[in-house]
Student: 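Dumping the structure here so I can ask a few things about it.
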2 protein chains.
Amino acid sequence: MARTKEFNEDKALDKAIEIFWHKGYNGTSAQDLVTHLGLSRSSLYDTFGDKQKLFSKALKKYQNQGQDNVKKLLEESNDVKVTLTEIFKQAVLESLEDRITKGCFMVNSAVELAMHDAEIAYIVRDNQKVMEEVFYKAIKKGQESGQISDKQEARSLARFIFNNYSGIRVLARGGEKDKKVYDDILKAMFSLF
Amino acid sequence: MARTKEFNEDKALDKAIEIFWHKGYNGTSAQDLVTHLGLSRSSLYDTFGDKQKLFSKALKKYQNQGQDNVKKLLEESNDVKVTLTEIFKQAVLESLEDRITKGCFMVNSAVELAMHDAEIAYIVRDNQKVMEEVFYKAIKKGQESGQISDKQEARSLARFIFNNYSGIRVLARGGEKDKKVYDDILKAMFSLF
DNA sequence: ATAATTCAGGAACGATTGTTCCGTATTTTC
DNA sequence: GAAAATACGGAACAATCGTTCCTGAATTAT
């Protein structure tokens with residue numbers, strides 16, 4: 001009945017993640033989106049509704065990708081402590097490698113929009129809860145198998161880990177490129193486990 | 001020779017801190033500034049140059065206020081460990097009390113602008129270094145007097161503390177109002193000392 | 001081939017953006 | 001009191017904002 005889309009909606013969404021991640025919501029114009037996603041204004045609005053809808057759809061996709069990644073790594077892990085350090089080392093590596101430092105799309109969005117946009121606030125809070133739960137289960141498992149000290153409550157440690165993750169991403173967004181700074185934080189942090 | 005200003009420039013700057021802190025740089029319009037600072041467009045531009053100059057002047061003032069506060073508390077402290085916990089408890093209290101959650105103006109600005117504005121990036125990095133040094137000296141003092149364990153290097157602990165401070169402020173900006181969440185983070189964090 | 005559908009491109013929308021400028025009022029110094 | 005200087009309010013600026021709409025081309029199922 002009708003012609004097919006010439007662009008891949010999923011790939012366009014990935015492009016949207018890229019530019020919103022890089023420039024933020026208010027910093028990204030409709031023209032930026034047209035240019036970067038490589039599709040026309042009309043197609044953009046026909047497909048995604050408006051800027052706010054596109055943004056929250058992009059953020060949700062980013063959220064799922066990140067959660068799935070960490071969740072899988074921790075669930076399949078035989079040594080939770082080792083896996084946790086690997087996850088953080090990976091985050092540090094990304095921070096150092098990023099020529100244009102993007103930090104974490106979720107952290108960026110929380111800071112920029114959570115106060116002023118209820119839907120973004122919901123995504124941010126949801127992400128926080130899910131990630132805390134992922135960390136909590138992993139730590140619980142580590143404590144039961146004796147790999148992680150149970151001197152601290154698992155819930156407390158999970159929230160602590162998430163907090164340091166946020167901090168590191170802010171540091172990255174600020175442009176910190178000295179590996180020693182990140183390593184010092186990780187060293188202090190993991191001395192707790 | 002000429003009439004005097006009808007407004008207090010310093011108070012106007014405080015008002016600028018308020019609204020930029022609340023709404024961010026891109027989220028604050030020239031009209032917002034006129035309304036909130038209570039002075040005319042022309043006076044605003046005559047006095048502060050442009051939006052970017054006003055913003056960076058506001059951020060610098062905020063930086064000095066924050067640094068002076070923490071610096072004074074730690075330098076005058078007899079028990080660094082106690083004072084550090086008090087500083088963090090104060091940050092938590094502010095996060096919980098804030099009806100409109102503002103987080104930390106410096107963290108917000110780092111996330112929103114450091115990538116795209118060289119001057120803001122400089123302020124952010126400078127703040128980071130100064131605060132790290134303040135924490136470093138305090139911890140060093142604490143370790144020498146035996147109040148803080150010297151199992152961890154002072155430099156590492158200083159960076160670790162700063163990182164958790166950033167994390168807590170992001171959490172606040174995300175709207176977290178559950179005191180238990182903050183307390184859990186602090187509990188884990190200070191168990192290192 | 002025809003009809004139905006939806007694509008892409010770009011013109012155009014009103015609203016808002018940050019900024020400039022002008023006329024007037026006010027104050028200060030001489 | 002005259003002259004110089006500057007704050008003030010508001011009009012006006014061009015540019016950009018997010019969004020809508022119109023056009024013709026392209027593709028599909030019948």
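Computed from a prediction, not measured in an experiment: that's the story for all the values here. Numbers restart at 1 for each chain; the letters A, B, ... are given by sequence-line order, proteins then strands.
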Student: Measure from CG on A/Leu39 to P on C/dG9 and round the result to the nearest Å.
Tutor: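 Answer to the nearest Å: 9 Å.
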
Student: Go nucleotide by nucleotide along DNA chain D from the 5' end; which of B/Ser42 and A/Asp50 gets its closest nucleotide reached first?
Tutor: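 First, find each residue's nearest nucleotide; the 5'-ward one identifies B/Ser42.
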
Student: To the nearest Å, give me how far apart NZ (A/Lys51) and P (D/dT20) are.
Tutor: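 Taking atom P of D/dT20 as the reference, NZ of A/Lys51 is at 14 Å.
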
Student: When the distance from CD of A/Gln31 to C1' of D/dT16 is rounded to whole Å, what number comes out?
Tutor: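 Whole-Å distance recorded here is 10 Å.
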
Student: Can you tell me how the ring of B/Tyr25 sits relative to the ring of B/Phe55, calling it parallel under 30°, perpendicular over 60° and tilted otherwise?
Tutor: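 Judged by the thresholds at 30° and 60°, the geometry between B/Tyr25 and B/Phe55 is perpendicular.
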
Student: Is any side-chain N or O of B/Ser40 closer than 4.0 Å to OP1 or OP2 of D/dG9?
Tutor: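 Result: yes.
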
Student: Would you mind telling me which residue lines up with the more 5' stretch of DNA chain D, A/Asp32 or B/Thr47, judged by nearest nucleotide?
Tutor: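 Comparing both residues, the 5'-ward one is B/Thr47.
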
Student: Less than 4.0 angstrom from a charged side-chain N to a carboxylate O is my criterion; do A/Lys187 and A/Asp183 meet it?
Tutor: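 Salt bridge flag = no for A/Asp183 with A/Lys187.
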
Student: Rounded to whole angstroms, how far apart are CG on A/Leu54 and P on D/dT19?
Tutor: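 Those two atoms, CG and P, are 10 Å apart.
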
Student: Rounded to whole Å, how long is the line connecting atom CD of B/Gln52 with atom P of C/dT17?
Tutor: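 The distance from CD of B/Gln52 to P of C/dT17 comes to 18 Å, rounded to the nearest Å.
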
Student: Could you tell me how far apart A/Tyr45 (OH) and C/dG10 (C1') are, to the nearest whole angstrom?
Tutor: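 About 15 Å, once rounded to whole Å.
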
Student: Should the pair A/Trp21 and A/Phe105 be assigned to parallel (<30°), tilted (30 to 60°) or perpendicular (>60°) ring geometry?
Tutor: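 It falls in the parallel class, under 30°.
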
Student: Mind calculating the distance between CG (B/Asn26) and C1' (D/dT16) to the nearest angstrom?
Tutor: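 So the CG-C1' distance, B/Asn26 to D/dT16, works out to 13 Å.
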
Student: Is B/Ser29 near enough to C/dT16 that one of its side-chain N or O atoms lies under 4.0 angstrom from OP1 or OP2?
Tutor: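 So the side chain of B/Ser29 is outside the cut-off, no N or O lying under 4.0 Å from OP1 or OP2 of C/dT16.
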
Student: May I have the distance from A/Tyr25 (atom OH) to D/dG18 (atom C1'), rounded to whole angstrom?
Tutor: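 About 9 Å, once rounded to whole Å.
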
Student: For B/Tyr165 and B/Phe88, take the angle between the two ring planes, folded into 0 to 90°, and tell me which bin it lands in: parallel under 30, tilted 30 to 60, perpendicular over 60.
Tutor: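 Aromatic pair B/Tyr165/B/Phe88 classed perpendicular.
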
Student: So if I take every side-chain heavy atom of A/Arg41 and compare against C/dG18, C/dA12, D/dG9, which nucleotide ends up nearest?
Tutor: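 Nearest to the side chain of A/Arg41 among the choices is C/dA12.
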
